[in-house]
> 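A single structure is presented below for examination.
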Amino acid sequence: MVKLADYAGLDSAWCPGCGNFGILAALKQALVELDIEPHRVLITSGIGQAGKLPHYLRCNLFNSLHGRPVPPAIGAKIANPDLVVIAVSGDGDAYGEGGNHFVHAARRNHDITYLVHDNQVYGLTKGQASPTSDEDFITKTTPHGAPLPVNPIALAIAAGASFVARGFAGDVEHLVGLLRAGITHRGFALIDVLQPCVSFNHKNTYRWYRERVYKLEDEPDYDPADRMAAFAKAQEWGERIPTGLIYRKVRATFEEQLPALRRGSLVEQKLEPAPVARLLGEFT
Amino acid sequence: MVKLADYAGLDSAWCPGCGNFGILAALKQALVELDIEPHRVLITSGIGQAGKLPHYLRCNLFNSLHGRPVPPAIGAKIANPDLVVIAVSGDGDAYGEGGNHFVHAARRNHDITYLVHDNQVYGLTKGQASPTSDEDFITKTTPHGAPLPVNPIALAIAAGASFVARGFAGDVEHLVGLLRAGITHRGFALIDVLQPCVSFNHKNTYRWYRERVYKLEDEPDYDPADRMAAFAKAQEWGERIPTGLIYRKVRATFEEQLPALRRGSLVEQKLEPAPVARLLGEFT
Amino acid sequence: MDSHLNIMVAGEAGQGVQSVGFILAKAFARGGYHVFADQDYESRVRGGHNFFRVRVKEARVRAISEPLDILLALNEESLALRRGELATGGVAIFDGEKVGDISDSGRLFSVPLERLAEERAASKLMANTVALGSALGLVGYDFGIAEGLLCEHFGTGETGEANVRVARAGYDYVREHFEGDFDVHLGATNPSRRMLLTGNEAIALGAIAAGCKFVAAYPMTPATSIMEYLAAKAEEFGLVVMQPEDEIAAINMVIGASYAGVRAMTATSGGGFCLMVEGLGLAGMTETPIVVVEAQRPGPAIGLPTRTEQGDLEFILHAAHGEFPRAVLAPGTIEDCFWLTFQAFNLAERYQLPVILLTDHHLASSYATVDEFDLSGLAIDRGLLFEPNEAAGLEYKRHRITDSGISPRAFLGEEGVLVVTDSDEHGEDGHLIEDAETRTRMMQKRMRKLLGLQKEMAPPERDGPEGADTLLIGWGSTQGAILEAADILRGEGTSVSSLHLSELWPFPAEAVSRALGRARRSYVIENNATGQLANLIQRETGRNITGRILKYDGRPFTPARIAQEVRKEGG
Amino acid sequence: MDSHLNIMVAGEAGQGVQSVGFILAKAFARGGYHVFADQDYESRVRGGHNFFRVRVKEARVRAISEPLDILLALNEESLALRRGELATGGVAIFDGEKVGDISDSGRLFSVPLERLAEERAASKLMANTVALGSALGLVGYDFGIAEGLLCEHFGTGETGEANVRVARAGYDYVREHFEGDFDVHLGATNPSRRMLLTGNEAIALGAIAAGCKFVAAYPMTPATSIMEYLAAKAEEFGLVVMQPEDEIAAINMVIGASYAGVRAMTATSGGGFCLMVEGLGLAGMTETPIVVVEAQRPGPAIGLPTRTEQGDLEFILHAAHGEFPRAVLAPGTIEDCFWLTFQAFNLAERYQLPVILLTDHHLASSYATVDEFDLSGLAIDRGLLFEPNEAAGLEYKRHRITDSGISPRAFLGEEGVLVVTDSDEHGEDGHLIEDAETRTRMMQKRMRKLLGLQKEMAPPERDGPEGADTLLIGWGSTQGAILEAADILRGEGTSVSSLHLSELWPFPAEAVSRALGRARRSYVIENNATGQLANLIQRETGRNITGRILKYDGRPFTPARIAQEVRKEGG
Ligand SMILES: Cc1ncc(C[n+]2csc(CCOP(=O)(O)OP(=O)(O)O)c2C)c(N)n1
Ligand SMILES: Cc1ncc(C[n+]2csc(CCOP(=O)(O)OP(=O)(O)O)c2C)c(N)n1
Ligand code: SF4
Ligand code: SF4
Ligand SMILES: [Mg+2]
Ligand SMILES: [Mg+2]
């Protein structure tokens, strides 16, 4: 049995009160509840406050470049499909610099979980607008207000993601459930987490989110398999903000469709030069 | 009065029978019908067969990098909002290499027209899969079939594009109408054009498209202002493929919201070092 | 003797180290002193260990230096980490009521920072301002200057007043209770109009002066404050500053704007520049003038995001596939940041190529006092422009082949003129070509621009006697430290002069050769691990360098450190 | 005397120039000849002007050469453009019934290509195969070999048979009607097991032999066929080949796969490589072994997409900000493409760094006959791996500091082992650090790997007499042309030898210095405009190069052209 202590990592460099603490706690909890041992987990991350998360638990860790946690996650998952692979990003990371990888990983349905700490601002670089900053949000780089934000939920659904959820860092217990579902989902699972940044986002605070979020689980009629309903839910942002599982559709993963993986994990294949001899005859 | 002859450009290097010819004819026709003189038009383009289009008419032309026609179009439009700016891409250009720019240009609502020649294949590089290649499409780089394609229409709607249309290169007259509407639309207008590639796409042929396309204008109940209906239409791909204006919502463009542009085009502003003197006092 | 003072404010992120340090620096600048100040911080928003060093002198000061006269330790860790840097005769000010038992070496002076802040302003948070006041008290500085600054900084309302109160408390506390001996007593000299600003601020001012109208940039330390400053002035100066989705978009937008006819710029650090490399080649091929600021930080990859290095020189010189002309300018001082930015725009447009302004964290974020810029000599030169009248009837050709390699530019939207260009190899008309002859002529045309450009580059700056035995060579932000190191060595009787390269490419091979020719020993001093300028000199002049003095720990050189290394190498 | 033949097939895209050329080349290869063939085509799918040149010899042939013995002109334009390249005694075959009036110089021989195709196979499209037959007829080659090849190529069904029929018709037509004099008569010699393949195919085979398990690449001429070949073999050899959204994704996926424990590679050209630069630095910082093939084409920017150049050397050497070790290999021959690719994977894993295989369009897409690869000497060496037993109880540290700079690698998923790495500067445990000491030690650890690596690099290959007056120096795909040029010059009595660098970085400074030391004159021959290898030699050895023989029109050097330039420069 895996215990919380198995996941105890370094001390964090986050600001006291940061929403990231809730996400970290939820992730550890989810991994423990799923009884996954640290050495089976790979977390890749980008650069930003969110990208530091995997340093604060014990696991295999590839802290990559800004905007690029997804491609190494994909490469590692294909190399070794036995790994539980989680990519961690900030909103700038995921939807700004890394936007293209996000869309294409979703459509190809790689079997990874994408955990995005969405604080609607650039935290580590000290408060510039992010792609999810609310319209008219004022920062040093958007003194006249930010443009219409990206809607990550709608975009994920449109891109073909097979699992799309929204969590709230202020509700750890709920987030644990989403993380468990996302990690066990076969295919690309986006979990966008509303994450208060106490230092740079003085609009979307704990309180602001708390006054708005509600859980889709509390709406018995809501069917996450219904793509149109999910897209409609994705439009909700204002007085009420839905959290929970917004969309799920199981379909074959990219990795399942690779013929080379049928004979097992790539990392376990023997490397030998001799078999190439079979090909030389093609050229004579 | 602008005449077709004003737009006569170089001979093309496209294959005989290529769908690109229809797109070229439609674009010239649309510009003539709109009575826009060549020197007021800027076409930026990417790299690929589509990217060659602007060489074949007379206009200001910035033939940029693969995947990058949109950013220079944006830069030029901001510098000189009097220009009619059209960015031309292939499907690989637009949704593969350039996917991130596409999503963000749509959400920021830059006032440019984005014309995408969608032949569902990489033409210029000789037949690899593209992001819009049909699922299971077999090419040299996808010998086991391509993954789920990107849905450009759905993606554009999710990203916040204010004008989203689909044309067919085999129906020039209809395409002229869409181009006129897109070019005169204030804001980001995506026109994705189904374009047969006679050399490398032997699945999605003229015939294949002809058997499937229908015009939304023929559906009197269809309301392109209805976002949910548009998203539903965007899912249609198979027996029937909708063409025409799928979604339109007028909202402020990026350029309209720039305070610096209120005093006129940037290119017309006088450059002089002296006014910076006003700022030096801040530092004393 | 010239009075001087070296203060450090140290604490954790969030304790206001930066604002206390800045106000101190500015207070001395206002009082007529020369100031140089640098910042050291971690890649985090709260916690950790940060410091801000302020060096104050009656004469010009150009670099940091180590022994501290005053350490303002805002927390216990800072005291522990930094007290070793105190000069003999230096004093550390700390809050003895907060910091546990420490062995008092006699150079520690406790001020009840938090208590005073709470007493005077009901807020522990203002302990930092108490510290500020204490430092000023210790040197007996004119409190009125600080008072004015605090009001400017915190407003004239209650916050400003409270800050003045607590600063005063710190000031008075020290004047009353400090009984040790402390040598440095500074009074305001002649109030000056000198500016105190960072390299990044100087760059932003240079861009505005040059008529830059479009900036697209993606935040990245240490370049971000350039775009932030410009964004704040955008409305007033009629320029557009935008933050796009990534650096690829940024440079390509800048190219589009310049192609359409405005001066345009982007700013980033090495990692972001990596993403701009393909765009750089596009500017080269389409001959689009752009200015790119690359503020270096230690690499590879994310490296040390908030620290300094000069590790990207060779990368910048060769970035992008294929061959095309570019210019690389590396300012050595904060003044130069302004002048060279202005010049960068002129060169970019006159030669129709990308100009890279290469700085680093140390230069970008350090403050220095500089004389107010004299704008009278600045002239905007947009280069060769197409005159439609002259060529009536002639079709405009964007890439016309000329002797200078420079083709007249036209801006978009002129009747009868179409501006056609292509990232493919193209003919004079801008349309793509395939033949060998046109290709060769076009390559030659573009490369020819280097000949003219080469002639415009200012030769490297030599300082010190012509015939000195030892030549210290540097580029970029090390200039100040090298100049001071040479002073130190000369003071010891060594025959030393120094050569500073700030206009790096096209390379001033002849001038460097000549300078090397006279010296018996030459040392290149660089903040990197391989000696990139030394490599370049060797390649371009065919001459050997005696030694390389290198540092790649993310921290800037001090003059003393350079002098010591030179001594070790044998002068 | 050694019989030799130089044929060109020319026509527009879509006329089958490539397949006719390839079958001709292969027919001669099968018959026991050495063959070298190159392709010249435009960036379009139909139309334009393309050609395929085949050089055939009894002895080894290493380069193209200009005067043509036979020109197969598939359309009028080709005849007009290319007939000037005929050697005295050469013959152009064309379709006189299609091509209008032309002034017959006596060296033109008309064959009714379309008519014969229609008569024998009811398809004008097979005119190209008629031309193929005609060429074979002209030299009196063994038709049976061609017959076999046509069946392999077009299948044994009706298409294959029809092709054989029309080829035969061309063959017979020439044998019956050609009455001019044509010297070259080639019979099959001793049937050989030599392979005929391109540089890209050799690289793909090398990657399979090396056990590459993961390839992510985005199509880009001239690299695309590497991924296409590998994709076709992916299922059989248990590797994954994927085409992601862009090159940024490609290199970062490759890094992820390698980090997880498999050998992984990407392939691109200069433009795509631009987008990989940040990832290259990431591999450097995280010490992840990767192999990147960069097949050069003329830049800057899109340049000439289907042509050749060696313009990216300096870019590749310095790509990415910051400093980290890398290896750069530039095969000179198609055999070397295989061996060096194999070696690249070993070096990458043994030194845990990125290895760049630098080729160009000419090497990537030219064919040559090579002896069947002897696989017996190949050994896969995965470098230092972590042994969990040895270190029981010890925590695994990915970046342990060692004397060699190499830290034992562990693969993911082993119980008790966590592999932690970071693009930020990190400690031995892979977690990010901020302090100067760790930073310095880590930089030194990484750079130390160069010392070991340096020792493994094969010295440059010298050909010709030790003490020759003149030394011709080259790298990459020019090797063959330089060797033949040296032969030509030696034949004229000049004292020449040549030096070829294929293991370019770490630079073999000593060996190059030594070689230069003995020569009175040295010429560096490069397919670029600035002489990048010459620059590098000057930088690394401090020695001057006498002259630079440069060509940057997108076309490869011929031996004759090099010999002529050397003569001009004064031998
Ligand atoms: C290529 C590149 N561009 C820019 C940066 C600078 N940078 C580091 S983190 C960051 C943004 C962080 O914002 P976000 O992803 O939202 O993460 P947060 O800090 O808010 O958690 C930026 C712009 C970088 N490291 N690399
Ligand atoms: C950075 C970069 N990567 C790859 C290429 C090679 N390339 C040129 S065009 C193209 C794809 C063309 O496909 P698409 O955009 O669909 O245009 P089409 O030719 O089908 O019209 C590619 C991969 C390139 N020029 N630059
Ligand atoms: S800056 Fe914001 S996101 Fe970053 S640690 Fe602080 S509170 Fe959290
Ligand atoms: S390859 Fe396809 S897209 Fe390109 S010109 Fe030919 S038919 Fe058109
Ligand atoms: Mg964020
Ligand atoms: Mg396409």
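Keep in mind that the numbers below use all heavy atoms, side chains included, and drop hydrogens, waters and symmetry copies. Just so we're on the same page: letters track the sequence lines, and every chain starts at 1. Here the structure is a predicted model, which means the values were calculated and not measured.
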> Tell me the residues of residues 196-211 of chain B whose non-hydrogen atoms fall below 4.5 Å from those of chain D, in number order.
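Counting heavy atoms that sit under 4.5 Å from chain D, the residues of residues 196-211 of chain B involved are B:Ser199, B:Phe200.
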
> Grab the two heavy atoms, one from B:Pro143 and one from D:Ala231, that are nearest each other, plus how far apart they are.
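Answer, listing the atom of B:Pro143 first, then D:Ala231: CG-O, 3.5 Å.
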
> Tell me, side chain or backbone of D:Glu42 under 4.5 Å from chain B's heavy atoms, or both, or neither?
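Neither part, no heavy atoms under 4.5 Å.
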
> Please classify the contact between D:Tyr218 and chain B as side chain, backbone, both or neither, with a heavy-atom cut-off of under 4.5 Å.
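Side chain only.
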
> With rounding to the nearest 0.5 Å, note down the distance linking OG in B:Ser12 to CZ in D:Arg44.
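If we round to the nearest 0.5 Å, B:Ser12:OG and D:Arg44:CZ are 7.0 Å apart.
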
> Check D:Ile302 against B:His66 and note the closest heavy-atom contact, atom names and distance.
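Looking at all heavy atoms of both residues, the shortest contact is CD1-N, 4.3 Å.
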
> In terms of heavy-atom proximity below 4.5 Å to chain B, should D:Thr224 be classed as side chain, backbone, both, or neither?
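Contact with chain B is through the side chain of D:Thr224 alone.
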
> Between chain D and each of B:Thr142, B:Leu124, B:Thr139, B:Thr125, count heavy-atom pairs under 4.5 Å; write down the option with the most.
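Max contact count across the listed options: B:Leu124.
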
> Could you tell me the separation between the CD atom of D:Gln243 and the CD atom of B:Gln128, rounded to the nearest 0.5 Å?
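Reported value, rounded in 0.5 Å steps: 6.0 Å.
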
> Quick one: what part of D:Leu230 sits under 4.5 Å from any heavy atom of chain B, side chain, backbone, both or neither?
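When you check distances to chain B, no heavy atom of D:Leu230 falls under 4.5 Å.
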
> Can you tell me how far apart CD (D:Glu228) and NZ (B:Lys126) are? Round to the nearest 0.5 Å.
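D:Glu228 CD to B:Lys126 NZ: 10.0 Å, rounded to 0.5 Å.
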
> Decide yes or no for B:Glu97 and D:Glu247: does some side-chain heavy atom of the first lie under 4.5 Å from some side-chain heavy atom of the second?
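Yes, their side chains come closer than 4.5 Å.
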
